[in-house]
Each structure stands twice: as C-alpha cells, then as structure tokens.
Amino acid sequence: TLSSSSAASDVYKRQALDGNEFKREATLLDQALREHAEKLFLYISTCSIQDKDVAGSPYVVHKIRMEEKVSVSHRNHLILRLPQVVGKSDNPNTLVNYLHSRILSGAQLTIWRNAVRYLIDVEDVVRITGYLIEQTALRNATVNIVSRAFSMPDILVALERITGRRANCELVDRGSHYLLDDTLSHKAARALGIRFDALYLDTILAKYYTRLA
C-alpha cells in the first residue's frame, strides 16, 4: 500500500504550497503509479476539496488533479480525504499548532466565527485507514476520514481550557459550515470502538497539548 501527500495549512486551511512542491508531488505520484501498478494504491488527499471557503485555491486545484490522476491511471486504488489531523508535530503551520502558539505568545488572532473544522486524532486516522483497506468493496472509492464538525470558536475555547491561557482574539463574521459525508468513517469508528462524541475535541487536544498555567 502506498501513500502520497503534500500539505501545509494555516488557521483558515488556506494551503499555500508553491508550484515547485506541486510539481514534485506530481512527479513522485507518476513514478509510484508506474512502479506499483499491481498493488493497492492508497492516496491521501484533503477534505478541503469540499470546503467552499477555499475552493479554487492552488492547493485544492492541485489535489483535485492528483485525485484524477490516481483514479484514471490505477485500477486498484483507494483515495482518502483527511481533515485537520491532530498529533505530535513540530510543524508550526498546522491549524492547532498555529492556534496554540498564538495563544501562548499572546499574539493577535482573527477567527472566522462561522467556520468549522473536522479535527481528528492521527492515531484514529491510522486505525480507520487500516479498517478501510480491508474492505474490498471500497476499491476505487473516495472516502472522507472525519470525526465531527467543530466550530473555530469552540476549538479556540478548548485550547484556552487546556493551556489555561486566554487568547487575544477577534471574531469576524466570516466562514461557512460545510458538511462532509462521514458515513463510512463513522461506521469504521464504531467497529473499532472509537467514539466521536461531544468529548472528542477536548480529549484529543489534551492528549497532545498540556496545561501551562
């Protein structure tokens, strides 16, 4: 099983990979598709494709093209779209790392009041991916691996609880609540004993971010 993914994200999930990185992924993807034509090909994409706030952005356009390349070129594939993944990472540009660092530094944050994000624990992504790979009926499908929608203000408040710090935040009346098909993801979660309940947000944030005050 192979995967190919390249992404950077900011607080609004407005990825800004430059053209060279796009070309690099496309080249690596072409090579992998040629060399592993007989294997199940797993491609990691992004749920941002379905977010109208970033529709038409260079990153989303690129990922759509890569999905099309996989679906046309490989007869045995599985495309998985991921939302904002939470885990141990030194990347300062991930959504939660960005929010966390701004809260700790006291730097100004501007949050879109109406925006939602589907945060999910990286360990849950791994477990659900394994489950989906075993489902042969899903060959050549595109599946969202998502938990549930959380508003940007709720994510910020949860981080404030965990860090014990208040954010220097301005809320603006922007953003949208976009819906993702979570049917297969939640079916897998139930089979694996993963609970995407009201406590999920605090649970995964507390797992990777500690109280500092």
Side-chain angles (χ1 to χ4, degrees), residues 1-30 32-33 40-74 77-87 89 91-99 112 115-133 138 140-152 155 175-186 188-189 196 201 204:
T1 301
L2 305 175
S3 67
S4 174
S5 179
S6 180
S9 56
D10 62 17
V11 67
Y12 301 126
K13 191 63 177 181
R14 293 191 180 279
Q15 295 89 340
L17 296 182
D18 63 37
N20 289 333
E21 290 180 88
F22 293 148
K23 290 177 183 177
R24 179 176 180 273
E25 183 186 16
T27 298
L28 291 173
L29 184 57
D30 284 336
L33 287 167
L40 171 63
F41 196 95
L42 177 66
Y43 182 74
I44 304 301
S45 188
T46 175
C47 290
S48 292
I49 288 172
Q50 296 159 272
D51 181 356
K52 67 180 182 180
D53 286 337
V54 294
S57 69
Y59 177 74
V60 167
V61 170
H62 167 73
K63 296 306 275 188
I64 290 173
R65 289 173 178 166
M66 297 303 98
E67 285 191 5
E68 291 174 348
K69 185 185 293 288
V70 172
S71 62
V72 170
S73 303
H74 204 284
H77 67 267
L78 178 61
I79 297 172
L80 301 180
R81 291 178 176 172
L82 302 186
Q84 287 74 18
V85 178
V86 180
S89 171
N91 183 353
N93 297 314
T94 66
L95 173 67
V96 182
N97 279 358
Y98 176 85
L99 294 176
W112 291 9
V116 300
R117 295 294 179 260
Y118 290 78
L119 271 58
I120 189 169
D121 188 337
V122 64
E123 294 184 358
D124 292 338
V125 170
V126 172
R127 294 178 64 196
I128 291 173
T129 297
Y131 176 91
L132 295 175
I133 287 172
L138 294 179
N140 302 324
T142 299
V143 181
N144 299 320
I145 298 186
V146 294
S147 57
R148 55 189 293 169
F150 303 103
S151 74
M152 284 298 299
I155 294 170
S176 60
H177 186 148
Y178 67 104
L179 297 177
L180 295 174
D181 183 354
D182 60 14
T183 305
L184 294 173
S185 181
H186 282 221
F196 292 142
L201 176 62
I204 62 172

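Every heavy atom of this structure was used, including side-chain atoms; hydrogens, water molecules and symmetry mates were not. On a predicted model such as this, the values are computed, not experimentally measured, just so you know.
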Subject >> Tyr131: ring pair (Phe, Tyr, Trp, His ring centres under 6.0 Å) partners, not counting sequence neighbours >> reply: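 Listed in chain order: nothing, the list is empty.
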Subject >> Partners passing side chain to side chain contact (heavy atoms under 4.5 Å, CB included) against Asn140 (at least two apart in sequence or in another chain) >> reply: His77
Subject >> Counterpart residues, side chain to side chain contact (heavy atoms under 4.5 Å, CB included), relative to Asp182 (two or more places apart) >> reply: Val146, His186
Original post:
Hey, does the side chain of Ser147 reach the backbone of Phe196 with a donor-acceptor pair shorter than 3.5 angstrom?
Top reply: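 Pair absent, no side-chain N/O of Ser147 close to backbone of Phe196.
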**OP:** Examine distances only and state if a side-chain atom of Asp53 and a backbone atom of Ser176 form a donor-acceptor pair shorter than 3.5 Å.
**Re:** yes
**OP:** For Asp121 and Val86, run side chain to side chain contact (heavy atoms under 4.5 Å, CB included): C-alpha distance rounded to whole Å, both residues' side-chain angles, the deciding distance at 0.1 Å, then the answer.
**Re:** CA-CA 5 Å; Asp121 188 337; Val86 180; 5.7 Å; no
If we only count heavy atoms from C-beta on, is the [X] to [Y] side-chain gap below 4.5 Å?
{"X": "Glu21", "Y": "Tyr59", "answer": "no"}
{"X": "Ser185", "Y": "Ile145", "answer": "yes"}
{"X": "Arg117", "Y": "Val96", "answer": "no"}
{"X": "Phe22", "Y": "Pro58", "answer": "yes"}

Working to the nearest 0.5 Å, report the span between [atom1] of [X] and [atom2] of [Y].
{"X": "Leu132", "Y": "Leu42", "atom1": "CG", "atom2": "CG", "result": "9.5 Å"}
{"X": "Asp124", "Y": "Leu119", "atom1": "CG", "atom2": "CG", "result": "11.5 Å"}
{"X": "Asn144", "Y": "Ile128", "atom1": "CG", "atom2": "CD1", "result": "11.5 Å"}
{"X": "Leu78", "Y": "Ile44", "atom1": "CG", "atom2": "CD1", "result": "8.0 Å"}
{"X": "Gln84", "Y": "Thr46", "atom1": "CD", "atom2": "OG1", "result": "7.5 Å"}
{"X": "Glu67", "Y": "His62", "atom1": "CD", "atom2": "NE2", "result": "10.5 Å"}

**OP:** Please report the C-alpha distance between Leu33 and Phe41 in whole Å, then the side-chain angles of each, then the deciding distance to 0.1 Å, and finally whether the side chain to side chain contact (heavy atoms under 4.5 Å, CB included) criterion is met.
**Re:** CA-CA 8 Å; Leu33 287 167; Phe41 196 95; 3.9 Å; yes
Subject >> Heavy-atom closest pair, residues Gln50 and Tyr178 >> reply: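 The answer is O-CD1, 3.5 Å.
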Original post:
So which heavy atom on Met66 is nearest to which on Ala26, and how close?
Top reply: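 Taking Met66 first and Ala26 second, the nearest heavy atoms are SD-CA, 3.8 Å.
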Original post:
Asp181 and Arg81: side chain to side chain contact (heavy atoms under 4.5 Å, CB included), yes or no, with the steps?
Top reply: CA-CA 11 Å; Asp181 183 354; Arg81 291 178 176 172; over 6 Å; no
Original post:
So does Glu25 pair up with Lys69, basic N to acidic O under 4.0 Å?
Top reply: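 No, no charged N to carboxylate O under 4.0 Å.
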Subject >> Trace of the side chain to side chain contact (heavy atoms under 4.5 Å, CB included) decision for Arg127 with Glu123 >> reply: CA-CA 6 Å; Arg127 294 178 64 196; Glu123 294 184 358; 5.6 Å; no
